[in-house]
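Step one of this worksheet: look at the structure below.
Chain letters run A, B, ... following the sequence lines, proteins first, then strands; residues in each count from 1. No hydrogens, no waters, no symmetry mates; every other heavy atom, side chains included, goes into these values.
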Protein chains: 2
Amino acid sequence: MSELEKYIKTYFGVSNDDLSKISSYFKPVTLKKNDYFLKEGRYCDKLGFVQRGIIREYVLIGDKEVTKWISTSGYFVVDLSSFVFHQTARWNIQALTDCELYVIDQKDYQQIGKVVTRWTELEKLFIAKCFTVLEDRVLTHLSMTAEERYNQLFNFNKELFNQVPLQYLASMLGMTPETLSRLRKKAAG
Amino acid sequence: MSELEKYIKTYFGVSNDDLSKISSYFKPVTLKKNDYFLKEGRYCDKLGFVQRGIIREYVLIGDKEVTKWISTSGYFVVDLSSFVFHQTARWNIQALTDCELYVIDQKDYQQIGKVVTRWTELEKLFIAKCFTVLEDRVLTHLSMTAEERYNQLFNFNKELFNQVPLQYLASMLGMTPETLSRLRKKAAG
DNA sequence: AGTTGGTCTTGACAAAAATCAAGAAGTTTA
DNA sequence: TAAACTTCTTGATTTTTGTCAAGACCAACT
């Protein structure tokens, strides 16, 4: 069973039958380091699942890249506003390392709904879960200092700090690279 | 046609038939100023639509109230993680003024799905829309200063600053009341 | 009218974080 | 291997924001 299937099974609790139907629509895709899964302004007509590697989602604001999220193994990558509402994409989605993805295009995605009865329900639950995660993230910015946000992320996933350029983590945490560097030093004691 | 029906119609583009089915499940409820629609730790078994009045969603972190959102006419109020996943609620949802809501309880909510074919699809679209709004909100904290966040909100909804205690707006914007006060003075020039 | 309680503002100061600049360390490229 | 890049760190400094304390303002209540 692939990581994708494990993920879907664990998360959604679908039958093995539905599981194989769903996963059969996903096709393996590899990205080389620095390749783009999606570029701002295009239409996002596919959904990716990260099997291996690291992917960054960012947007250019003025002359600065703002990193919204770093996806590692087990995460989906997509521009939801584009995928669901057929608007132009807001995010650049770029491989930070060589990556293996499972990707489904929009046409196949819509097919799932015709084959798996509960699909729209599962979609709803998944997006609702993502929503609550984002709610928490907003709250960290309303109630925590840069130092607290750094410590939280570091405790949640230390490995990330070895695998991802720190400037991107700094941006994702809402601070400058210099501040992140100093907080690291401080936390290391 | 009520505000609720207008909202549903505008937003989801359902037929008049479906619209009346959906709205018939919502019941008018009034809240007095300071009444709670929901308290942290309880289960959120209802969804509310704000017809009139102002409602604050906040959470107690340590000894501080952190205001996540202020809902005015046209907004839904709910603790999504509780309503969808049947977990204990994370938010306190309290009326800042006397309010008129349209409220649907969970049992009736589930009935809609049996009566309106596209219901789960509509739910999905609605939650997806909420998700993209939250994405933007996260981005404001990654890329904007307190001053810029204040100006953005003020330009978006000046009225709010006359209707809502400023301390709550400050919290929602991720700054102290003192900072908000100074930014107001500065912007007024 | 006076008191009380809550809210907002202001000032002085402290802390946090950003900016600017330089240099160290590590990679990639030629 | 050396040169060129890029990334990260560090120091000095400025700016932004938070904290604490006091007072102004306003509304509600007695």
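Between Y109(A) and F83(A), the ring-plane angle classifies as perpendicular under the 30° and 60° cut-offs. Ring planes of Y7(B) and F76(B): perpendicular class, angle over 60° (limits at 30 and 60°).
In this structure, CD of E148(A) is placed 14 Å from C1' of dA17(C), rounded to the nearest angstrom. Spacing between atom CG of L142(B) and atom P of dA18(C) amounts to 12 Å, rounded to whole angstrom units. At whole-Å resolution of the value, CE in M175(A) and P in dA16(C) are 13 Å apart. Atom-to-atom, CD of E178(B) to C1' of dA14(C) comes out at 13 Å; the value is rounded to the nearest Å. Protein atom CG of L180(B) is 12 Å distant from nucleotide atom P of dT10(C), rounded to whole Å. Separating the CG atom of N34(A) from the C1' atom of dT29(C) is a distance of 15 Å, rounded to the nearest angstrom. One can place NZ of K186(A) at 11 Å from C1' of dA17(C), the figure rounded to the nearest angstrom. Between the CG atom of N162(B) and the P atom of dT7(C) there is a distance of 17 Å, given to the nearest Å.
Among the atoms of the strands shown, only primed sugar atoms or phosphate atoms (P, OP1, OP2) are found under 4.0 Å from some heavy atom of Q167(A). Using a 4.0 Å heavy-atom distance criterion, R182(B) is classed as a base contact.
Think of the region where chain A sits on DNA chain D: with heavy atoms and a 4.0 Å cut, that region ends 5' and 3' at dT7(D) to dA12(D).
Ring pair F12(A)/F126(A): centre-to-centre distance below 6.0 Å. Less than 6.0 angstrom separates the ring centroid of F161(A) from the ring centroid of Y150(A).
At least one donor-acceptor pair closer than 3.5 Å links the side chain of K46(A) to the backbone N or O of F37(A).
Of the listed nucleotides (dA17(C), dT10(C), dA18(C)), dA17(C) has the atom at the smallest distance from the side chain of A146(A). Looking at the side chain of S181(B), the nearest of the listed nucleotides dC8(C), dA21(C), dT9(C) is dT9(C).
The number of heavy-atom neighbours closer than 6.0 Å to NZ of K32(B), taken from other residues, nucleotides and ligands shown, is 12 or below. Atom CZ of R52(A) is surrounded by more than 12 heavy atoms from other residues, nucleotides or ligands within 6.0 Å.
Remark: K185(B) is not in phosphate contact with dT9(C), judged by side-chain N or O atoms under 4.0 Å from OP1 or OP2.
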